[in-house]
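Worksheet: the structure to be examined is printed underneath.
Counting convention: from 1, in listed order, for ligands and their atoms alike. Remember, it's a predicted structure, so these values are computed and weren't measured experimentally.
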Amino acid sequence: VIPVSKPDLGVQEINAAIRVLESGRLSDGQETSKFQDEFRNFTRTGYCSMVSNGTLALESVLRAYKIGKGDEVIVPPLTFFATIEAVMNVGAKPVFADIREDTWNIVDESIEEKITKKTRAIIPVHIFGNPCEIPWHQTWLSDKFSVIKIIEDCAQAHGSKIRGNSVGKNNGCWSFYATKNMTTGGEGGAITTNDPDVYSFVSKYKNHGMIDRDTHHILGTNGRMSEMEAAIGRVQLSRLEEMNRVRKIQVEYMKDKLKSVSWLKPQRILPNHESCYFWNAFWVDEEKVGYTTKGLVDFLKNFLGIETRYRYTEPLYNQPLFRGEMIEKLPNAEKICGKVIGLPCGTHLKPEELDYIVDNIKKI
Ligand SMILES: Cc1ncc(COP(=O)(O)O)c(C=O)c1O
């Protein structure tokens, strides 16, 4: 079976991990502070704080803005559950705004309809790596709704850009989980921000609220990244551009070759936007192909040996934990969720495998 993705970890990452293990300094050291500097430079933001995972990154920023009980946070219905989990864990209510039919990202118009007096934040997700253009480029948000904060979910967007600029300048929350375009060895996260108060809060929050070894200023948690994770992350960051370049060539090749397949539609990347192609994502026209998406995914794997990504099979408001309370169905979310697949891409993929995938999909 051709795997859909594979972490690209080699001798450099292994050596980095060994270097830390032999150093005797396993936490709170140079690797973490250097990784923070390097990631801050990479995103061109004022501050960066490494944390233990992406979910904690989101939660810490929400807490930094004192968002909690009685507050509403606007979120997309097509994302990994962690986006709304962070909102609910601080006690706030997720309010779903519809996505665009072509980019699968949330948009200004649907966001504006959802804004109430209780709205405190919007979490745009750069879904599958496709950068979400959000109102911060326009004045309407800051003019009309100055209390509303933007918190970018960049968990899938390492290297994604809008007009040449990295995403994540507005409280970017990053994940370095095992499957991402870059990993810190399985788990990890970061916050990038231009808000010094957010940085200061997060630095304390992730470290038991401490300002020194024995003084706890706020109620915090243990959300630190380890030195070994940071050392692996530094190597992965130095290789990210090259790894993303390979993905881009593959995805663009496949999109071009599959243009003639009427039942597959690639996720639209807007002009001046660059996806890091976390997913090589396509929407399946089930009527045209005569399969359900799940049926297609099984067929590709079991009969053709092609593994695909198939997740977020329902708009998140349908999750059982809401017990049917979220009654509003959003039309584009209903159309897209459950009908999106990710074809293989990444440095593990051989050129002949690319052609095998393309040729066999064309025959369906
Ligand atoms: C969109 C999105 N948000 C948040 C997260 C949470 O990140 P983590 O798994 O590092 O907690 C993930 C992924 O894992 C994600 O894909």
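Remark: D359 does not engage K363 in a salt bridge, criterion side-chain N to carboxylate O under 4.0 Å.
Within the 6.0 Å centre-distance limit, the rings of F39 and F176 are counted as a close aromatic pair.
Other cluster members for Y199: Y47, joined by side-chain heavy-atom distances under 4.5 Å among Ile, Leu, Val, Met, Phe, Trp and Tyr.
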### Message
Does K265 form a salt bridge (charged side-chain N to carboxylate O under 4.0 Å, His left out) with D285? I'd like the steps, not just the answer.
### Response
CA-CA 8 Å; K265 217 174 182 185; D285 189 329; over 6 Å; no
Report, one line per pair, each donor and acceptor closer than 3.5 Å where one atom sits in a side chain of residues 272-284; sequence neighbours left out.
from : atom 1 : to   : atom 2 : distance (Å)
H273 : ND1    : P271 : O      : 3.1
H273 : NE2    : E133 : OE1    : 3.2
S275 : OG     : G129 : O      : 3.2
S275 : OG     : Y277 : N      : 2.9
Y277 : OH     : K255 : NZ     : 3.2
N280 : ND2    : P344 : O      : 3.3
W283 : NE1    : K335 : O      : 3.2

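Near ligand 1, residues N53, G54, T55, T79, F80, A82, T83, V125, D153, A155, Q156, S175, K180, G188 come within 4.0 angstrom through at least one heavy atom.
For Y291, the side-chain contact (heavy atoms from CB on, under 4.5 Å) partners at least two apart in sequence or on another chain are V289, L296, F299, I364.
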